[in-house]
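Note sheet for the following structure.
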Amino acid sequence: MNIKANIGKLRVSVPAGVKIVAVSKFHPNEEILEAYNGGQRSFGESRVQELVGKQPGLPGDIEWHFVGNLQRNKVKFIAPFIHLIHSLDSERLMLEIEKQAVTNRRTIPCLLQLHVADEETKSGFSPDECRRFLARGKWRDCTHVQLAGVMDQMQVRKEFRLIRSLFGEFKSDYFPDDDNFKEISMGMSGDYPIAIEEGATIIRVGTLIFGER
Ligand SMILES: *Cc1c(COP(=O)(O)O)cnc(C)c1O
């Protein structure tokens, strides 16, 4: 695997306004450093334990993104340094992030994780759950949690399109004057070109950069 070359190739295929998060789960720090030396600064991990094991041994100017399912009792471990949590999917989780953000004297940006397919097992808010969450308004009291957009893991164009339209709905209903609510995190190695066509502002790419896990 030539990680630097992979990143270079990926970059030329992605418009300048779209952020690439290099998802480094299961890959060791040496490989992350190789990507770093190729200019990559945003990295994503999906397990808290793995992230807190890696983070202290890597450069301090890395922006760490949390992209996996986040348990409340683990928020405290990433709260001191996490750049963006992509997987806010409940009010209880939000309250815990608020508490840990206060403790760390930080504001923590988070994306509303959505699932638009029917499967009950998927994590994330359904569109109606998310509408109710926003309408209830508890998030307005969480002044250290900054809602910064939406995230989704779908792989089908029509679902990307739905996510984009939900983003537009939430933006105009709740965040018309909030410039921070601007991100649509969708698209992975297999589908990022479609996600970009459908409006992604952040793509999360693992395999294309680091090879198979
Ligand atoms: C692993 C992972 C990715 C990256 O997937 P690839 O197919 O390897 O690009 C993106 N998003 C999430 C949430 C992941 O867990």
Side-chain angles (χ1 to χ4, degrees), residues 1-15 18-29 31-32 34-36 38 40-55 62-71 74-75 77-78 82-90 93 97 108-117 119 121-126 130 148-157 159-160 162-164 166-167 183-213:
M1 265 296 143
N2 188 335
I3 292 172
K4 271 193 204 173
N6 293 345
I7 287 180
K9 258 190 281 174
L10 180 61
R11 262 203 211 108
V12 297
S13 75
V14 171
V18 176
K19 172 170 280 194
I20 300 168
V21 172
V23 180
S24 47
K25 62 185 185 218
F26 303 124
H27 292 283
N29 279 5
E31 292 180 15
I32 296 175
E34 217 177 307
Y36 180 91
Q40 182 66 27
R41 290 295 179 272
S42 302
F43 291 88
E45 289 282 338
S46 59
R47 295 186 309 174
V48 168
Q49 211 154 331
E50 186 173 348
L51 173 53
V52 301
K54 288 172 169 177
Q55 185 263 346
I62 287 181
E63 281 182 3
W64 287 105
H65 293 244
F66 194 78
V67 301
N69 184 45
L70 182 55
Q71 290 170 281
K74 303 219 168 122
V75 173
F77 301 118
I78 63 171
I82 200 73
H83 179 77
L84 179 64
I85 294 174
H86 290 231
S87 45
L88 175 58
D89 65 354
S90 75
L93 178 59
I97 296 171
I108 300 182
C110 297
L111 304 180
L112 298 161
Q113 185 179 352
L114 301 169
H115 71 88
V116 296
E119 309 123 74
T121 52
K122 284 200 74 87
S123 51
F125 291 107
S126 72
C130 199
V150 299
M151 178 265 206
D152 182 72
Q153 299 195 28
M154 291 301 110
Q155 318 221 351
V156 180
R157 184 185 288 270
E159 292 169 350
F160 286 147
L162 182 49
I163 292 297
R164 165 80 188 258
L166 287 166
F167 170 83
E183 307 292 6
I184 303 176
S185 167
M186 60 184 187
M188 306 189 281
S189 292
D191 55 16
Y192 77 88
I194 303 173
I196 290 171
E197 280 175 30
E198 297 297 338
T201 65
I202 301 177
I203 58 172
R204 309 180 307 269
V205 179
T207 310
L208 266 187
I209 295 174
F210 296 106
E212 296 293 335
R213 291 180 284 275

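The structure presented is a predicted model; accordingly, all values stated were derived computationally and were not measured. Counting starts at 1 for both ligands and their atoms, following the listed order.
- Contact check for Asp89 versus Asn69: side-chain heavy atoms found under the 4.5 Å cut-off.
- Surrounding CZ of Arg164 are at most 12 heavy atoms belonging to other residues, nucleotides or ligands under 6.0 Å away.
- Put simply, the side chain of Phe160 reaches to within 4.5 Å of the side chain of Asp191, judged on heavy atoms.
- Side chain of Lys54 to main chain of Ser24: a donor-acceptor pair is present (N/O by atom type, distance under 3.5 Å, no hydrogens or angles).
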Kindly print each ligand 1 N/O atom paired with any protein N/O atom under 3.5 angstrom away, one pair per line, or none if nothing qualifies.
unit_1: ligand 1; atom_1: 8 (O); unit_2: Thr207; atom_2: N; d: 2.8
unit_1: ligand 1; atom_1: 8 (O); unit_2: Thr207; atom_2: OG1; d: 2.6
unit_1: ligand 1; atom_1: 8 (O); unit_2: Arg213; atom_2: NH1; d: 2.8
unit_1: ligand 1; atom_1: 8 (O); unit_2: Arg213; atom_2: NH2; d: 3.2
unit_1: ligand 1; atom_1: 9 (O); unit_2: Ser189; atom_2: N; d: 3.0
unit_1: ligand 1; atom_1: 9 (O); unit_2: Ser189; atom_2: OG; d: 2.5
unit_1: ligand 1; atom_1: 9 (O); unit_2: Gly206; atom_2: N; d: 2.8
unit_1: ligand 1; atom_1: 11 (N); unit_2: Arg204; atom_2: NE; d: 2.9
unit_1: ligand 1; atom_1: 15 (O); unit_2: Lys25; atom_2: NZ; d: 2.6

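- By the 4.5 Å heavy-atom criterion applied to side chains, Arg11 and Gln40 are counted as neighbours.
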Practice task
Give the intermediate values and the outcome of side chain to side chain donor-acceptor pair (under 3.5 Å) for residues Thr201 and Glu183.
Solution key: CA-CA 6 Å; Thr201 65; Glu183 307 292 6; 2.6 Å; yes
